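Counting starts at 1 for both ligands and their atoms, following the listed order. Quick caveat, the model's predicted, so the values are computed rather than measured.
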Amino acid sequence: MAGIYIHIPFCKQACHYCDFHFSTSLKKKDELVNALTKELELRKDEFNNTTVETIYFGGGTPSLLSNDELQFIIDAVYKNYKVSENPEITLEANPDDLSKDRIIELSKSRINRLSIGIQSFFEDDLKLMNRAHNANEAKTCLEEATKHFDNISLDLIYGIPGASNEQWLKNIEMALSFNVPHISSYALTVEPKTALASFIKKGVIEDVDDEQAHEQFHVLKEKLEASGFVHYELSNFGKDGYFSKNNSAYWQGKSYLGIGPSAHSFNGKQRGWNVKNNSKYINATAQNELPIEIETLTQTDQYNEYIMTGLRTIWGVSIKKVEEDFGIVFKDYLIEQSEVFINQQLLYIDKAHLRVTKKGQFLCDGIASELFKIN
Ligand code: SF4
């Protein structure tokens, strides 16, 4: 099984916290769409006939593309790859692009999953983050989307400066009221060189409070689990049958092709990065060149990758798999390094799988890095 990720590098405006690759000018949109289909064609042999089970439009803001443009890209996937009978096809979409008519139009296309960037239902949070939508649009688009799509995920951000725990709880309750089967939620992180970092430095916005983010993460987990969601990955909660197939494939180390500027690819042994520049990307594909840099992963890189992704999921890290794939030295190293965290009740071993405890969950990435091997 394999997945195709397609990066749409355009946004209406820059959210203050975002460090993804996007342009707020749509001037090159047509050329870019053609370039995406060209890259799909150029890379058609990379999957060796492996069946594509998931197609994911991420970004950027993929909902800025028209339905015809999205269909044009999907057609290029079908033309060049073997696609399973019922693939999961996800569109990341922002509420301000999801009018009633647009949702109905999308529901008639091959897209069968929407991932909606709500982030908050509160006006002051949305303004602080410079989101393009308002609180009312967040609600009305969900009301409409749930009438036409069964498989919907929404994104929420916690740890927003100035947002109290009560406000956060109301956000979660509002999200639950729409009865969506999947919720992704991330802590607001201050990435260098973003507007948010600069506002915090100048004292215009107060800094994020890790302690509060930690508390809000636990409120989220408790509320969603009590409402029948499975916390299957650190930032992801899904009802049975609605875990993101696309993301689960990443976390389980399956192959994926990343199409578009800045997209990443992975084939189990190598990782690729496409150029992070729309013009360079368009020019390269026009000359039948792949705008990609490839790194071959060492055994240590692959082990580190597995530890990082495995620990974040409910499936955990299989000790047997570590021994089989990387050898006894890696397995012994893992057991030895884990001991201190097991003693602190941050990790535990269950049925030969290493997992994070409830207490360890929020610290998961830091713990994983302590289990890494150095090349
Ligand atoms: S819409 Fe998404 S990709 Fe675009 S700036 Fe905002 S967070 Fe970043």
Side-chain angles (χ1 to χ4, degrees), residues 5-29 32-33 36 56-66 69-70 73 90-99 102-103 106 111 113-138 141-142 145 152-161 163 171 175 182-200 205 208 213 235-236 244 246-247 250 258-264 273-278 281:
Y5 170 85
I6 301 162
H7 189 82
I8 308 299
F10 301 109
C11 292
K12 276 189 195 154
Q13 62 189 51
C15 300
H16 284 159
Y17 56 90
C18 181
D19 72 342
F20 292 157
H21 170 65
F22 64 90
S23 160
T24 49
S25 159
L26 296 184
K27 261 198 299 196
K28 291 188 188 290
K29 185 161 73 108
L32 200 278
V33 169
L36 294 172
Y56 190 100
F57 287 97
T61 310
S63 51
L64 283 178
L65 261 49
S66 68
E69 287 166 331
L70 293 167
I73 299 169
T90 305
L91 179 77
E92 282 184 358
N94 279 344
D96 42 308
D97 295 326
L98 291 181
S99 65
R102 181 79 203 276
I103 292 169
L106 283 169
I111 290 159
R113 184 170 183 272
L114 293 179
S115 171
I116 308 180
I118 300 290
Q119 316 312 355
S120 173
F121 293 98
F122 286 91
E123 216 58 65
D124 47 353
D125 290 348
L126 295 168
K127 286 214 172 93
L128 182 142
M129 295 189 285
N130 200 37
R131 295 289 302 177
H133 67 275
N134 60 39
N136 195 40
E137 282 169 320
C141 95
L142 279 170
I152 295 180
S153 177
L154 61 83
D155 282 5
L156 289 178
I157 292 183
Y158 58 91
I160 299 172
N171 256 331
H182 192 278
I183 294 179
S184 299
S185 191
Y186 306 88
L188 183 68
T189 43
V190 186
E191 302 294 348
K193 296 195 191 134
T194 56
L196 181 64
S198 138
F199 290 145
I200 291 174
I205 294 179
V208 295
S235 309
N236 287 278
S244 161
N246 174 75
N247 294 355
Y250 291 160
I259 301 292
S262 84
H264 286 188
W273 286 271
N274 279 2
V275 63
K276 222 175 171 178
N277 177 298
N278 293 358
Y281 174 81

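Taking the six-membered ring where the residue is Trp, Tyr56 and Tyr5 present parallel rings, their angle staying beneath 30° rather than reaching 60°.
For atom 8 (Fe) of ligand 1, the neighbouring protein N/O/S atoms at less than 2.8 Å, given as residue and atom, are Cys18 SG.
Counting heavy atoms from C-beta outward, Val208 and Pro161 have side chains that approach closer than 4.5 Å.
Shortest non-hydrogen contact noted between Pro9 and His21 is CB-CD2, 3.7 Å.
Evaluation of the side chain to side chain donor-acceptor pair (under 3.5 Å) rule for Ser153 yields His182 as partners, not counting sequence neighbours.
Near Asn94, the atoms of ligand 1 lying under 4.0 angstrom from a non-hydrogen atom of the residue are 1 (S). Those atoms of ligand 1 that come under 4.0 Å of a heavy atom in Gln13, given as number and element, are 5 (S). Those atoms of ligand 1 that come under 4.0 Å of a heavy atom in Arg131, given as number and element, are 1 (S), 6 (Fe), 7 (S).
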Verdict with supporting geometry, Lys12 and Asp97, salt bridge (Lys or Arg N to Asp or Glu O under 4.0 Å):
CA-CA 10 Å; Lys12 276 189 195 154; Asp97 295 326; 2.9 Å; yes
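We find the CG-CD1 distance between Leu36 and Ile8 to be 5.0 Å, quoted to the nearest 0.5 Å.
The closest side-chain donor-acceptor pair between Asp125 and Gln119, if any, does not fall under 3.5 angstrom.
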